Participant: 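Sharing a structure here in structure tokens format.
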Amino acid sequence: MYKELNQMDELSRRKFIQYSAKALLGVGLASVGQTPVWASEVVRKATAKNVIYIYLSGGMSHIDTFDPKPGWKDQGPVQAIDTNVSGIRISQYLPSLAQRMDKLAIIRSMYSNQGAHEQGDYFMHTSYEKRGTIRHPGLGAWLNSMSGKTNSTLPGNVRIGGSNNAQGGAGFLDSKYEPLHLGNPEGGLPHIKAHRSVDDIEMQERMALAEMMDLSFHQKYPSKKVRAYSDVYEEAMKLMTSKDLEAFDLSKEPSLSRKLYGDSRFGKSCLLARRLVEHGVRFVELTLGGWDTHNDNHDNVEQLTNPLDQSVAALLDDLHYRGLLDETLVVIGTEFGRTPDLNANAGRNHHPTAFTCVLAGGGIKGGQVYGATDERGHSITENGVTVPNFNATIAYALGLPLDKVVYSPSGRPFQIAHKGQPVKALF
Amino acid sequence: MTVPDFLLPFGPLHIVFLHLPIGGLVAIWFVLFVLPNQGQKHKEPVIGLLHLFLLIVTVLTIVLGLAYETYGQYEEELERHELWGYIFGGVVIGNFVCYWLHRIAGKVKTKYLYFFSLIVATVAMIVTSHEGGELVHGKGFLLKPFRKVEEKPVVTRPAEASQVVESVAVDKQPGIVSIEQGGMGIDDSIVEIDESSTMEMDDSSMEMSSAMEMSMMGGTVPPMPVSEALVSDESIKRFEAAELVFKNHCYNCHGATKQKGDLRLDHEEAAFAGGDAGAISIVPHDAEGSLIVERMRLPREHDDAMPPEKKPAVSAEGIEAVVAWIQAGAVWPDMRARDKRELNYVEIDDEQTAKLIDQLNATGAKAEYNSWDDARVRVDLSFTDEDKLEAAISQLGAFGDKLIWLDAGGLKLPEAFYQQLLQFSNLERLHLDRSNVTEMDLKGLVGSSKLSYLNLFDTEISDSSLEVLLKLPNLEKVFLTDTKVTKAGVDKLVKEKSTLEVIHR
């Protein structure tokens, strides 16, 4: 009996918790039944410096956009059209992107195990499943924490549109990597001017006062989170007088390019994204919502693809001619696809079994389709790509160390893409 | 007997709840006979409540026990405990009835009846508890501390595996396993290693020997972790393949909660110590001699076959994985070694370059390694502090052939900048977009042999400058949008250098 007791002492804490959880709650923390894939030697040659991540929130219908299935009974009124790359056909809803297919790499074999919006969204942004005990960082925070932002006074991680507390923020990394959220692309940066009654001297006095009051607290609690506050103040002050602020001013753009991007809010977001990337912001995420087409799928998708097609095409052109496309990875991502079968409301439901994401620029070889689905777009028939693998591909393009284990403040090990492996065929 | 599904996850709580009836019954005895007897009336409410409590928790424990039966994958050995559990439940109900009979009638006869039922309940509880205890702690657990003979040496990671097997094969009945050959002697507690026998170990047994030393020192010296460098990725891979088989097929009965046959496989020392069957369950380098392999390979209907006939059998590949692991030395890497594996990326640490990068970054420019295992450098001058631009440019020269990517977009650059461009013999990408670059400046690039990307977007470059581009042998892409270059100029350029991609609008 003593032997057993002795053995208990030697169990590591992690094992002990696993056992307790198993014994008391009937759950195992570790996923059983999956042999881990070992990190093969990863040859990195970064060509991307920046990312413009276009997130289609709600779940883009892959069948009606980048993975059309002519001949399938529930394909609906949408036709497939030829692109400028022979042999690749995409939906007629995307005529401009079809003409820029030579820049796109379409991954038609994405799959996820999360069928609900919040969880899927979280998984897509962080590569980890949503857990109550930890907040995982998104790619933008990973990039800025590992590569460091440029000297630009603008924040390194910006999010345009979508909700303020969206998934994939700084997670357990320093709060300074939290994306700056802009609700309206045209509004510029809000609260950036000092109040009219506060002149420069007054401002400096106020900051000095604040610093004095903080001093003892900072000495007493020299923690990351406390430091992050003063970092934020400092950066905000720099930003207030910065010349980089003009990046937010879309009126500086010639009217021709404004026209090309379109008048939609999303078009303006794309234009702003390009300006930000030019001004040294390394990760910009744009959210285009409303893709949860449970009702009246085709009408909705047609309306949603209008700004998507026009603005992304304009963005790709603009980046291309400015020589930015080689160093800027454009990502079109979504949390899942939609069912091949139409429901009673002529809509499509959630479908994580197969969906499509698109990459362009940043060293990605354009004009290719990776993976495929069956004749109705239901299951993957070749080259399945998991969400961690997709994110690993983005991180690989950026030259980030996929094998590096980063410990959260509580000492738990994490990796950028949760052990995902990059899809090297795309480069 | 089946219980509702929702109860199944709560099954393990049986182990906790079973203590409540025991406590309840003891409490009744205590109140009845130990507390001073100052008027029976005084105690009645308490005893009444205790009987109600006993009844409720007994029913609850039985229900949870049934849930645990399904969850815990027990078999026949459970039947007696289950039967006695029902008997105990029945007796408790009887006891409850007797109590109220006695309390209402208050006769001497009912009093004896009540006491009798209480004794029966207690006996039933003791038997049930003991049966249950044997399931959890193993058969004969009560007397275990008194049976000295059965105690096996905790340490057994024999180095000379084949010889060990011979001795083990003979000595199959339960009892002490003595290993005297191969220069190793395990004698109750004293362990000696003959140095000569460890000399000819191969790589994998080296790992093993350090693990062995560790476990052997266990008693007196705090155990030291296995040297992490010695545990190779390969051996971790093999271990995890074998562990997966154990996880799926063995841990339910030979894990943390149950150790049937006194065998536990989820923990290094326990696994190597073996179980009641006597033989050592895992003999490094000798799969044929390892009892777990033998048991897995027995015909399914054999009494000793493992997993038991009613459980899913281990697949052929599964057995192979275990065999491969044992043959390679049965290395059991510790958690830290397994986590360590993920750290095998290369971090660049070139002191000189790192210093240059820090210096340059102090001017506000952004210098960084090209990627995480590439010692070459890319530099972005766009955000250099205005007053420090010249300093940054003069520092740039020190990078020499390390610089492969230079971004000077949007800057008013001094002539000195253009003149030093040729120093960077490995420069592949050059961004001069929106800069003040002129035809003269471009001429400074002639001879740059690696340059493949040149961004001249939105500059004053005109058709006459294009001659220079022809003299850059590796140039693949040039961006000429928003310059003074005309369509005709571009056409001429492409005609003369067909490998060049010109981006122009």
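Predicted, not measured: the structure shown is a model, and the values here were computed from it. Both backbone and side-chain heavy atoms feed into the values below; hydrogens, waters and symmetry mates do not. By convention in this document, chain letters (A, B, ...) are assigned in the order of the sequence lines, proteins followed by strands, and residues within each chain are numbered from 1.
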Participant: His14(B): what forms a side-chain contact (heavy atoms from CB on, under 4.5 Å) with it, not counting sequence neighbours?
Facilitator: Leu18(B), Thr61(B), Leu64(B), Tyr68(B), His81(B)
Participant: Side chain from CB out, backbone as N, CA, C, O: work out which of these in His431(B) comes under 4.5 Å of a heavy atom of chain A, or both, or neither.
Facilitator: side chain
Participant: Would you compute the distance between atom CD of Glu327(A) and atom CG of Asp380(B) and round it to the nearest 0.5 angstrom?
Facilitator: 8.0 Å
Participant: Check ring pair (Phe, Tyr, Trp, His ring centres under 6.0 Å) between Phe246(B) and all other residues, then give those that pass, not counting sequence neighbours.
Facilitator: Trp325(B)
Participant: Do side-chain atoms of Tyr321(A) reach the backbone of Asp482(B) as a donor and acceptor pair under 3.5 angstrom?
Facilitator: no
Participant: Between Asp326(A) and Lys477(B), does any side-chain N to carboxylate O distance fall below 4.0 Å?
Facilitator: yes
Participant: Between Lys366(B) and Arg282(A), is any pair of side-chain heavy atoms under 4.5 Å apart?
Facilitator: yes
Participant: Would you mind reporting whether His320(A) and Ile503(B) have side-chain heavy atoms less than 4.5 Å apart?
Facilitator: yes
Participant: Which pair of heavy atoms, one from Phe479(B) and one from Arg322(A), lies closest together, and at what distance?
Facilitator: CD2-C, 4.3 Å
Participant: In terms of side-chain geometry, is the basic nitrogen of Asp407(B) or Lys49(A) positioned less than 4.0 Å from the acidic oxygen of its partner?
Facilitator: yes
